[in-house]
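I have placed the structure first, in the form of structure tokens, so that the comments after it can refer back to it.
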Amino acid sequence: MARSMRSLVSERSERFTESVIREMTRLCLLYQGERGINLAQGFPDFPAPAAVKDAACAAIQNDVNQYAITWGAKAFRDAVAAKTKRFYGVDVDPEREVTVCCGATETMLSALLAVVNPGDEVVILAPYYENYWPDSVLAGATPRFVTLHEPGWRLDPDELRAAFGPRTKAIVLNTPNNPSGKVFSRAELELIASLCQEFDCLAITDEIYEHLVYDGEHVPMLGLPGMRERTIAISGLSKSYSVTGWRVGYAIAAPPLTDAIRKVHDFVTVGAPAPLQEAGVVALGLPDGYYSELVRQYRERRDFLVAHLQRLGFGCEPPAGAYYVMCDFDRFGFDDDVAFAHFLVKEIGVAVVPGSSFYPNPTLGRRKVRFSFCKRMETLRRAVELLEGIHR
Ligand SMILES: Cc1ncc(COP(=O)(O)O)c(C=O)c1O
């Protein structure tokens, strides 16, 4: 075949499109410039903790500027193990059970590449964080979706069981959840754990919002009976310490799983930023008061935004965790989420994410948009002022 007849890009890459979230960020800049308020992408617009920033600067000045050990600097792995013991009472061997990657994002992809064979199935709960589908495709897995039901984002036990079968290799579970804000209960996690054991598969848990819980508690799958050997627990610095640009995440898993993840990670990125892992040691060691203040501030942001969205006519409930709120917009005369999101960014000046980007079947998200509230109160106040324009 003539070369020009052949597609020069892979079929794999053609199976997914540009991130809708980043597209909304781009549109916000295009239509609004500096005036626009971007509540689409989940990054804070307030400073990271001073002690953590100082530690990063000091590490660079002290010439921690070369490759760290590929699976993570020893001091940072030790800090991950100490923090896991401190918060969840789970013993982790930092030498054999921790892999440090470039953000939870790379950690999830490296984990899937490490455990999935072509033709394996991966269970994903919808609405889901938009990376999981492309991650599964890149790893060669077939996703099996289970939809959570409103109100309350309920998990139907029969629907969940029906998604498991002989080809299931893993379930990807994100709690606290983006975009729904759901914090999975201990009973739900036990149900998932029992299916993982019955079908001899893994739980890959994305716990990046583990410290952002307003109602209920974060239950780590790793600590449930029978799950220590079959859980890959993923977290990172991005959300708990407001450093999404640093790209430091990690996986905790039993040694055979960790061995496989480390090999993939080595060939994908070699290692995560060395000086930022040093700063991560300081971050993970912050006192309890840091975390309670973080939650207090996020709860204030959540309560403010949700109350105003409800007053303005959006249909939404306060999320139990993470920093997003999914809203119905039935009152505004639009019946398409993409059209409504474009209206908000172009005419009102606030960027949000169309709900359809969180579902395998876009119609399930057609009547929703997602707001993020990881912003200074003054940013949220400005967003509310702009949103008043909906009624003008
Ligand atoms: C559920 C979830 N996982 C992972 C990430 C990205 O984490 P990281 O910055 O550590 O790659 C995000 C960011 O929005 C997220 O919402």
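First listed ligand is number 1; within each ligand, the first listed atom is number 1. Residues: numbered from 1 along the sequence shown.
With a 4.0 Å heavy-atom cut-off, ligand 1 is reached by the backbone of Thr105 and by its side chain too. Contacts of Tyr324 with ligand 1, taken as heavy-atom pairs under 4.0 Å, involve the side chain alone. Only the side chain of Arg247 comes within 4.0 Å of ligand 1, judged by heavy-atom distances. Contact annotation: for Tyr128 versus ligand 1, there are no heavy atoms closer than 4.0 Å.
Looking at Thr244 next to ligand 1, no N or O pair under 3.5 Å apart turns up. Checking only distances, Asn178 does come within under 3.5 Å of ligand 1, N or O to N or O.
Test Phe329, Phe332, Phe334 against Phe314 for ring-ring contact (aromatic ring centres under 6.0 Å, His included) and you get one pass: Phe332.
Under the 30°/60° scheme for interplanar angles, the aromatic rings of Tyr241 and Tyr290 are found to lie parallel. Using cut-offs of 30° and 60° on the angle between ring planes, the pair Tyr214 and Phe373 is tilted.
Ligand 1 places these atoms under 4.0 Å from at least one heavy atom of Tyr132: 1 (C). Which parts of ligand 1 touch Gly103 is read off a 4.0 Å heavy-atom cut-off, strictly below it: atoms 10 (O), 11 (O). The Asn174 neighbourhood of ligand 1 comprises atoms 1 (C), with distances under 4.0 Å to a heavy atom of that residue. Taking every non-hydrogen atom of Ser238 and a distance limit under 4.0 Å, the qualifying atoms of ligand 1 come out as 8 (P), 9 (O), 10 (O).
For Tyr209, the heavy-atom gap to ligand 1 drops under 4.0 angstrom.
When atom types are taken as modelled, the side chain of Arg302 and the backbone of Pro319 share a donor-acceptor pair closer than 3.5 angstrom. The closest donor-acceptor contact from the side chain of Arg230 to the backbone of Cys201 lies under 3.5 Å. No side-chain donor-acceptor contact under 3.5 Å links Asp54 to the backbone of Ala56. Lys169 places no side-chain N or O within 3.5 Å of a backbone atom of Asp120 that could act as its donor or acceptor partner. Formation of a donor-acceptor pair under 3.5 Å by the Gln277 side chain with backbone atoms of Ala73 is found in this model.
The protein non-hydrogen atom at the shortest distance from atom 5 (C) of ligand 1 is Tyr129 OH, 3.5 Å. Scanning the protein heavy atoms around atom 3 (N) of ligand 1, the nearest turns out to be Asp206 OD2, 2.6 Å. In terms of protein heavy atoms, atom 7 (O) of ligand 1 is closest to Ala104 CB, 3.6 Å.
In this structure, of Lys239, Gln41, Glu130, the residue bringing a heavy atom nearest to atom 14 (O) of ligand 1 is Lys239.
Residues Tyr323 and Tyr298 place their aromatic rings such that the two centres sit under 6.0 Å apart.
Atom OH of Tyr67 has 12 or fewer neighbouring heavy atoms from other residues, nucleotides or ligands inside a 6.0 Å radius.
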